[in-house]
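The block underneath contains the structure these notes are about, expressed in structure tokens.
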Amino acid sequence: MPCEILLNSSELRSVSGGQNRRDGRMAHMETIGFIGLGRMGRPMASNLCRKGFRVIAYDVNPTAVAELAALQARPAQDVAEVAASSTAIVTMLPDPKTVDSVVLGPDGVLSHAASGSLIMDMSTIDPKTTDRLAARAADKGVAFVDAPVGRLASHADKGESLFMVGAAPQDFVRVKPMLEAMGNTIFHCGPAGSGTRTKLVNNYLAISSCQMNAEALALSQRLGLDLSTTLDVLYGTTAFNGQLKINWPGKVLKDDTSPGFTIDLAHKDLSLVMDAANEARVPMPMAAAAREAFSFARASGSGGKDFSAMVDVLCQSAGIAKPRLR
Ligand code: NAD
């Protein structure tokens, strides 16, 4: 059943690309197929529903689909049903291999998407896969946009994500209303492929900073310093970084290591960064060191924890008390 929710006036102002119906509700032109309803996809698809888009939802996990159906999204049985019933198909999947099989596989999105429809991949994947998806979509007369997501899962919950969009100008105009329903900051980075490339640059810094933070706080603990005072000093100087200031106080430092963004996904992203850097002949020794710190964390059984738990992994291996804010 399509999602039909009465929008308040500020929502009406913020959501463009629809038509005001006689009953005052917004009727959006696109029917959005949403594939991948995990920690990020669930709130993103939920926000589309809440903002009045017709959403057809699919995930290999039936519980995730049922949660979206409770918000009036239409549950789908498989990828083929999503692709055949939608004008725009969004993918929010873990890694390049999964995106490749869901979009290009034998019964995948492109086998069933109509000419004139649009695919928007919002997963974090590698540029080569993104370029292949864009080329294969173009062969079928399907538009392709890459729009990876910045900021934390908690921002996605609140509809406050940032998007890095790679798209032809007319495709950017087409996806903008959907992005405005899921986030509040949108950058058009260039043609298809630019979003994925920008995301790797962003995630190199955001993820590597976690290992630097881990080492700094482990040292602070070992030296017997007061954690709150140390943080106040770091927040007051150029040592400041977004992970330490925005993510960590509400996660690991508060004894919450549930993901968020897993150490496994962070390791995947640093691997994508290094592959892209090797391909482009850009030496990135810090990325290699950070990636291997994440390899160690996975090997020691912490892959499913929030990436702020990197400090616990280091403290545990060095016999240092985990830093916690009282
Ligand atoms: P997640 O593991 O929580 O969710 C992935 C979802 O995809 C799961 O629900 C899983 O069941 C589903 N899935 C897997 N294979 C599938 C298939 N073949 N068909 C249909 N569904 C399938 O991951 P996440 O945290 O939501 O991240 C998704 C993507 O977004 C990743 O590329 C990640 O790097 C990126 N990302 C994550 C965050 C974050 O903070 N979690 C932030 C920005 C970007």
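Counting convention: from 1, in listed order, for ligands and their atoms alike.
The closest non-hydrogen atom to atom 36 (N) of ligand 1, taken over T124, D95, T262, comes from T124.
The nearest heavy-atom contact from the protein to atom 17 (C) of ligand 1 is V60 CG1, 3.6 Å. Remark: minimum distance from atom 18 (N) of ligand 1 to any protein heavy atom is reached at V102 CG2, 3.5 Å. Residue, atom and distance of the protein heavy atom nearest to atom 4 (O) of ligand 1 are G38 CA, 3.2 Å. Considering only non-hydrogen protein atoms, atom 15 (N) of ligand 1 sits nearest to T98 CG2, 3.4 Å. Closest to atom 30 (O) of ligand 1, if we only count protein heavy atoms, is M92 CE, 3.0 Å. Of the protein's non-hydrogen atoms, L265 CD1, 3.5 Å is the one closest to atom 25 (O) of ligand 1. Protein heavy atom nearest atom 37 (C) of ligand 1, with residue, atom name and distance: M40 CG, 3.5 Å. In this structure, the protein non-hydrogen atom closest to atom 43 (C) of ligand 1 is V149 O, 3.2 Å.
Under the 4.0 Å criterion applied to side-chain N and carboxylate O atoms, R174 and E30 are assigned as salt-bridge partners. Between D306 and R39, no side-chain nitrogen of the basic residue sits less than 4.0 Å from a carboxylate oxygen of the acidic one, so the salt-bridge criterion is not met. In this structure, R324 pairs ionically with D312, as a charged nitrogen and a carboxylate oxygen lie closer than 4.0 Å. Between D100 and R132, at least one side-chain nitrogen of the basic residue sits less than 4.0 Å from a carboxylate oxygen of the acidic one, meeting the salt-bridge criterion.
Around atom NZ of K140, more than 12 heavy atoms belonging to other residues, nucleotides or ligands sit under 6.0 Å away. Annotation: Q170, atom CD; neighbour count of heavy atoms from other residues, nucleotides and ligands within 6.0 Å is above 12.
Taking the six-membered ring for Trp and thresholds of 30 and 60 degrees, F172 and H188 have nearly parallel ring planes, at less than 30 degrees apart.
By the 3.5 Å distance cut-off applied to N or O atoms, L152 is not counted among the residues near ligand 1. Of the N or O atoms in R39, one or more lie within a sub-3.5 Å distance of an N or O in ligand 1. Checked by distance only, ligand 1 and G36 stay at 3.5 Å or farther apart across all their nitrogen or oxygen atoms. Inclusion of S123 in the set of residues having an N or O under 3.5 Å from an N or O of ligand 1 is not warranted. In terms of polar-atom proximity, N61 is not counted as a contact of ligand 1, lacking any N or O under 3.5 Å from an N or O of the ligand. In terms of polar-atom proximity, L93 is counted as a contact of ligand 1, with an N or O under 3.5 Å from an N or O of the ligand. The N/O atoms of K199, backbone and side chain alike, include none that comes under 3.5 Å of an N/O atom in ligand 1.
Side chain of Y235 to backbone of L244: a donor-acceptor contact under 3.5 angstrom is found. A donor-acceptor pair is defined here as one N or O able to donate and one able to accept, closer than 3.5 Å; such a pair exists between the side chain of K251 and the backbone of S258. Of the possible polar contacts, one joining the D59 side chain to the L37 backbone as a donor-acceptor pair under 3.5 Å is found.
For the ligand labelled ligand 1, residue P94 lies inside the 4.0 Å heavy-atom shell.
Side-chain polar atoms of N184 and H155 form no donor-acceptor pair below 3.5 angstrom.
Taking every heavy atom of K268 and a limit of under 4.0 angstrom, the matching atoms of ligand 1 come to 31 (C), 32 (O), 33 (C), 34 (O).
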